[in-house]
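Being a predicted model, the structure only gives us computed values, none of them experimental. One is the number of the first residue; the rest follow in order along the sequence. Order of appearance sets the numbers: ligands from 1, and atoms from 1 within every ligand.
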Amino acid sequence: MEVRKAVVPAAGRGTRFLPITKSQPKEMLPLVDKPIIQYAVEEALAAGLHDLVLVTSQGKQAIEDYFDRSGELENLLQQRGEMKLLKCVCHLSNMVDIVYVRQKQPLGLGHAVLMAEVVVGKEPFGLFLPDDIFVAAHPVISQLLDAYKELGGCILAVQRVQHEETKRYGIITPNKIGDHLYQVMDLVEKPLPEQAPSDLAIVGRYVLQPSIFDALKVTPPGKGQEIQLTDGLRRLLSREKIYAVEFDGTRYDAGTPIEWLKATIALALRHPEVGPEIKSYLRTSMQPELV
Ligand code: UTP
């Protein structure tokens, strides 16, 4: 079945980015000239996933306002003759129609995904964790969709991580079936390095079957007392085949200050307007005599 829907959970607390996330959704932090969440939305649209479901929570109003129309602002820009800015503002609200669902308590990523069931129904869907930013020649969701067309089932994006880092991720037990392609034999959430079945970590892009919802409904809270998507996927293994694609590209976890900074620099260097200037600025500021 064709994948048409995209789910973007944005209801987390963002504690790794405190204190700024006390009053500012981390998904709205800028990366060069766009908020973090816009990169996921644009990736979904570019891959043909036009039905978007955003999972939000208290304090995330700024996300809804951002993708909504603002008649007052549009009038002001029109009056001032700021046509370039007007076009940019209108483009945002015309770009996509989003259905918002609420996660009333941050009970974990698995729980956030479950909140989308009411809109997704019985269709396969793309899942985008917006703070995972990817720089890739072929968008990561498209790499997963390529595998999905061939294999069906569920497809996870995975990345090799340092062995001591396994405790931060869901880790798969892989069975290699192709170039950068694995069948997932088992998965475990945040294993200690000595217990990790591999160094292949699940990262923020997925193609999932709707059967994940039934699996999540019976998944008890796991690590951190949260309902973990990885635990739900583990339950699903008896019903669905799960595959993993070791994606081609670079990932930044923009949910932490240091990785957000690295993502900012990587994206700025590629940006047609600011790229050349930031490149020469970085070159000069890296000269030893100036440091
Ligand atoms: P993270 O693992 O980054 O969690 O979630 P978090 O709560 O946002 O941030 P920290 O760890 O406290 O710093 C990955 C994605 O899942 C969403 C987040 O908004 C983020 O986009 N999420 C997480 C939810 O929507 N609900 C949750 O209960 C947890």
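Of the possible donor and acceptor atoms, none in the side chain of Gln209 sits under 3.5 Å from a partner among the backbone N and O of Lys241. Side chain of Lys223 to main chain of Glu189: a donor-acceptor pair is present (N/O by atom type, distance under 3.5 Å, no hydrogens or angles).
His271 pairs in a side-chain contact (heavy atoms from CB on, under 4.5 Å) with only one of the listed residues (Leu31, Ile278, Val32), which is Val32.
Each of Pro9, Ala10, Ala11, Gly12, Arg13, Gly14, Thr15, Arg16, Lys26, Glu27, Gln103, Pro106, Leu107, Gly108, Leu109, Ala112, Pro130, Asp131 has a non-hydrogen atom positioned under 4.0 Å from some atom of ligand 1.
Aromatic ring orientation, Trp260 versus Phe17: perpendicular (interplanar angle above 60°, classes split at 30° and 60°).
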Under 3.5 Å, which donor-acceptor pairs link side chains of residues 246-254 to any protein atom two or more places apart or in another chain?
unit_1	atom_1	unit_2	atom_2	d
Glu246	OE1	Tyr182	OH	2.7
Arg251	NE	Asp132	OD1	3.0
Arg251	NE	Asp132	OD2	3.2
Arg251	NH1	Gln159	OE1	3.1
Arg251	NH1	Tyr169	OH	3.2
Arg251	NH2	Asp132	OD1	3.2
Asp253	OD1	Gly255	N	3.0
Asp253	OD2	Arg16	NH1	2.9

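Sparse packing is recorded around CD of Glu277, with 12 or fewer heavy atoms of other residues, nucleotides or ligands lying under 6.0 Å away.
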